[in-house]
Number of protein chains: 2
Amino acid sequence: MGLLVVGSVAFDTIETPFGRVKDALGGSAMYISVAASYFTAPVRLVAVVGGDFPPEHMKFLEDRHIDLDGLQVLREGKTFRWGGRYHYDLNMRDSLYTELNVFEKFDPIIPSGFKNSAYVCLGNIDPILQRHVLERVNKPRLVIGDTMNYWIENKPKELSETMRFMDVLVVNESEARLLTNEPSLIKAAKRIIRLGPRIVIIKKGEHGVLLVTEETVFSAPAYPLEDINDPTGAGDAFAGGFAGWLAKTDDLSVENLKRAVIYGSTLASFCVCKFSVDGMRDLTHLQIQDRYRSFMELSRFDER
Amino acid sequence: MGLLVVGSVAFDTIETPFGRVKDALGGSAMYISVAASYFTAPVRLVAVVGGDFPPEHMKFLEDRHIDLDGLQVLREGKTFRWGGRYHYDLNMRDSLYTELNVFEKFDPIIPSGFKNSAYVCLGNIDPILQRHVLERVNKPRLVIGDTMNYWIENKPKELSETMRFMDVLVVNESEARLLTNEPSLIKAAKRIIRLGPRIVIIKKGEHGVLLVTEETVFSAPAYPLEDINDPTGAGDAFAGGFAGWLAKTDDLSVENLKRAVIYGSTLASFCVCKFSVDGMRDLTHLQIQDRYRSFMELSRFDER
């Protein structure tokens, strides 16, 4: 069916209480693409990098059957860089620096071979750019979009305009509350549904994920990991697994949306075990299926 | 089998964004007993009230088949009073006043007919009093205990001594972290298991409940209520439903512990819809079964 992924690719320098990496592969589109690549192929990546983006990263993406026709390489520029440090409990982090570099003037050009993608996953970028992407593709079956506090606060009008064209909005708890000014997550989700998306996914970190539609609420647990090394990209890995599963199965029933939520949670659980995208470099389908079944065990109970 | 409940009975004055009640029936033992009474009878209540405790409350408890032989009525004293005000999002509250009154010198005397109770649920009271209760009963099959930040900070030695005799510790997220100095809830639960209780239940409010044993983790969702009027007593209603179901079934298998968690969550979900214990005044078994099945719907997904 084709899954188009648009977002950022970055070099992340990350410190957590459990280690540090310098200029490691990161960015929303990177985590989404890699996670999705375990379910569907090719994943069509639209992003921008600089001349400093090394061949081994290209090789890794090609090995994962990610189509790089839409990856703009600006030879004279430098790749987006971000540095962050997590606090002791991993729930908070400080941004140490943000160098937009080539990402500053990113124009998401969609190669003609990508325009018929039935599934589109928009990473957390300027809602105006997200909108441009949607204007440049041919009626996708499902548009999944992410956003963040920054856009909610600074471009509310543009975001609200773009959200009208999203089928699924993926946000975290605080973003859902900020967007709707509603402390109850269920009420917040219902309000978001009135803004456009008919499916709302609220990521709650260690508390799992809520999927809300007009008729359904589904509550997925988080996998009870004892050792989380780096939470960076967990939300994007979730979105990638979710989108990848839907693109693979092309089934938008509520039952299959629930499965997609669990596959998303599965990829996120692998993602956070290692730094950067290393937790998703070489998973096997058996590992993914085992983790899926562990999620069933974790939340299953029977009739009395 | 007999379920013994020991804790506080209070008159609560509560303000939330959705209303206010004055001197309404409250206290940990009250919420626990009323919730448990939907599963097992008689519930044996040990607590203390003053001469101001009105006959209609006595009648309500008797109607719910709660055995009041252990309810000390100190005619010359006044019942414990507490006042609190919740913030806009209901996750925070300020205590406005605490008048211990007859509760200040509470000595949990266990009537001889109560000493053989197979199930004991200790509400959040001084760990020294909890210990006294356990010294005064004959080898219960299961001891369920609650505690709070105040005791963790002010009587850590006494609490740790009492915890050695608990089978189940029921705490909320922040208490689990404070008790173990461990930000990961799973690791915190595993540490608590090394302190005595072989079953740890971590209440996460709107995010549901974790049940952790040496071999199992079970994650139960919270019921997605749009209208919560008063969160007071939700944790105790949970403990009461949990304990009541176990006392009724006398089955300590992991599968039945999971059911008990869902019945606890069910009672908590009814509790918070109204002020004081009003949400649990006249539930029917059909309502409880329907809510249990809604919990199944909420968290169920199938194999791909």
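Both backbone and side-chain heavy atoms feed into the values below; hydrogens, waters and symmetry mates do not. A, B, ... follow the sequence lines: proteins, then strands. Residue 1 opens every chain.
When the candidates A/Met296, A/Arg177, A/Arg293 are compared by the number of heavy-atom contacts under 4.5 Å with chain B, A/Met296 comes out ahead. The candidate with the highest count of non-hydrogen atom pairs below 4.5 Å against chain B, out of A/Glu173, A/Glu182, A/Lys187, is A/Lys187. Most heavy-atom pairs under 4.5 Å with chain B: of the set A/Leu298, A/Leu211, A/Thr216, A/Ile186, this distinction falls to A/Leu298.
Closest non-hydrogen pair, B/Phe301 versus A/Lys258, comes out as CB-CB, 4.1 Å.
Contacts between A/Gln289 and chain B at a heavy-atom distance below 4.5 Å involve the side chain alone, from C-beta outward. Both the backbone and the side chain of A/Ser299 come within less than 4.5 Å of a heavy atom of chain B.
Applying a 4.5 Å heavy-atom cutoff, the residues of residues 220-227 of chain A that approach chain B are A/Pro221, A/Pro224, A/Leu225, A/Glu226, A/Asp227. Taking non-hydrogen atoms and a 4.5 Å limit, the residue list of residues 198-210 of chain A in contact with chain B, ordered by number, reads A/Lys204, A/Glu206, A/His207. Using non-hydrogen atoms only and a strict 4.5 Å limit, the part of residues 260-269 of chain A facing chain B consists of A/Ile262, A/Tyr263.
The neighbour count for B/His87 NE2, taken as heavy atoms of other residues, nucleotides or ligands under 6.0 Å away, is above 12. The neighbour count for B/Arg85 CZ, taken as heavy atoms of other residues, nucleotides or ligands under 6.0 Å away, does not exceed 12. Other residues, nucleotides and ligands contribute only 12 or fewer heavy atoms inside 6.0 Å of the OH atom of A/Tyr150.
A/Asp250 pairs by the side-chain contact (heavy atoms from CB on, under 4.5 Å) definition with A/Met1, A/Tyr119, A/Arg141, not counting sequence neighbours.
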